[in-house]
Amino acid sequence: MSNQFFDSLYNGYTGEYQLMASLYRHGLDALRPPADMGIDVVSLNLKQRLEDPTVAAETFLFQVKTAMTEVGEVETNSGAIRTVYFKLSERELDLLAHGHDRVLFCYVYNTKTDALTDVLETPFMCFWIDGERLAALREAGAFTKRDGETKLALSCQLRKPAHEYGHWYALVVDADGKALKHESVSQVGYLGTIGGYYTSSDEADHYSVGGYLDYARKR
């Protein structure tokens, strides 16, 4: 097998175990299904239920995608932009695009070694898109198939505000890099900013596991 295959495999495991560690920090049990069913990680509230049998069962299903990229300034833009692509099969998208208990988690790692203490252990950014928003993104034309590819590509721009203290944030765009709109969700590709100063249409924190859990539990 080629080195590219193993690089992709190990990079994928990096994001999956990063997510599992975060779920443990939130007191949940995180499991990897033994077979590839289109779901990478399952979380259960086993600990809470053992402590208190009256607690309702809670299950969340995660698909994890990981991207490695150089994150840097783009001189021609007022705010830096870097585009990353996450590939999903039609089957994966069909499984995920149902409700709030199924979610796509995207991890981005910076390959520029001087940008972080250890780029292989610290994600530059993570963000999530739940099943309901994935369905809206699909209707808005966010998923495209390139020539010769069997999987669908989701294009995400990582942007940094012109203000030097601004945090990078994610924006899902179409194949031409343009913003997406959906009849039921204004700016369906906009996931808000880190810190919550400018929130997405669902007013959720899309940049942390805790943000997803808070959002999903209210549904």
Side-chain angles (χ1 to χ4, degrees), residues 8 11-12 15 62-90 92-98 100 102-112 115 123-163 166-208 211-212 215:
S8 178
N11 289 343
F62 301 86
Q63 171 65 233
V64 184
K65 297 297 180 183
T66 306
M68 302 286 182
T69 188
E70 269 194 17
V71 179
E73 301 292 333
V74 179
E75 294 180 359
T76 56
N77 294 304
S78 58
I81 296 178
R82 177 69 61 180
T83 301
V84 293
Y85 304 93
F86 300 97
K87 296 180 181 179
L88 293 88
S89 68
E90 294 271 9
E92 288 173 335
L93 184 55
D94 289 340
L95 283 172
L96 290 172
H98 297 281
H100 303 290
R102 304 182 185 200
V103 59
L104 173 66
F105 248 88
C106 298
Y107 284 89
V108 180
Y109 291 81
N110 192 352
T111 57
K112 297 182 74 172
F124 175 77
M125 180 191 292
C126 79
F127 54 90
W128 57 267
I129 306 171
D130 72 297
E132 186 174 86
R133 186 171 286 259
L134 283 172
L137 284 168
R138 174 190 256 179
E139 290 184 19
F143 293 91
T144 58
K145 188 176 291 186
R146 299 180 177 183
D147 292 341
E149 294 278 354
T150 59
K151 291 189 174 183
L152 300 171
L154 184 69
S155 302
C156 300
Q157 287 183 358
L158 310 182
R159 294 187 173 190
K160 185 178 185 299
H163 193 284
H167 292 285
W168 287 75
Y169 63 95
L171 179 71
V172 182
V173 295
D174 65 15
D176 298 320
K178 297 179 180 178
L180 294 157
K181 292 185 178 181
H182 186 266
E183 59 183 11
S184 64
V185 183
S186 61
Q187 294 184 319
V188 65
Y190 178 58
L191 303 179
T193 59
I194 295 176
Y197 296 107
Y198 301 98
T199 59
S200 61
S201 57
D202 55 18
E203 299 184 351
D205 169 15
H206 281 264
Y207 299 95
S208 71
Y212 167 68
Y215 175 77

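Residues Thr144 and Ala175 share a closest heavy-atom pair of CG2-CB, 3.9 Å. For the residue pair Ser200 and Leu191, the shortest heavy atom distance occurs at CB-C, 3.6 Å.
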I would like to know whether His98 and Asp94 meet side chain to side chain donor-acceptor pair (under 3.5 Å); could you show each step before the answer? CA-CA 8 Å; His98 297 281; Asp94 289 340; over 6 Å; no
Output, in order, the C-alpha distance, side-chain angles, deciding distance and verdict of side-chain contact (heavy atoms from CB on, under 4.5 Å) for Leu88 and Lys151. CA-CA 6 Å; Leu88 293 88; Lys151 291 189 174 183; over 6 Å; no
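In this structure, Lys65 contributes its side chain and Lys87 its backbone to a donor-acceptor pair below 3.5 Å. When atom types are taken as modelled, the side chain of Trp128 and the backbone of Asp205 share a donor-acceptor pair closer than 3.5 angstrom. No side-chain donor-acceptor contact under 3.5 Å links Glu139 to the backbone of Ala136. In this structure a side-chain-to-backbone donor-acceptor pair under 3.5 Å is present from Tyr207 to Gly192.
Taking the centre and axis of the six-membered ring of Phe124, the NZ or CZ atom of Arg82 falls outside the cone set by 45° and 6.0 Å.
Atom CG of residue Leu171 and atom OH of residue Tyr190 lie 8.5 Å apart, to the nearest 0.5 angstrom. Interatomic distance, CZ of Arg102 versus CG of Leu96, reported as 8.0 Å (0.5 Å rounding).
Contact of the Arg133 side chain with the Ser201 side chain is registered, since non-hydrogen atoms from C-beta on lie closer than 4.5 Å. Side chains of Leu134 and Val103 form no contact here, defined as non-hydrogen atoms less than 4.5 Å apart. Residues Leu180 and Leu137 form a side-chain contact, since some pair of their non-hydrogen atoms from C-beta on lies under 4.5 Å apart. In this structure the side chain of Phe127 never reaches within 4.5 angstrom of the side chain of Leu104, judged on heavy atoms. Side-chain contact between Thr69 and Asn110: absent, with no pair of heavy atoms (C-beta onward) separated by less than 4.5 Å.
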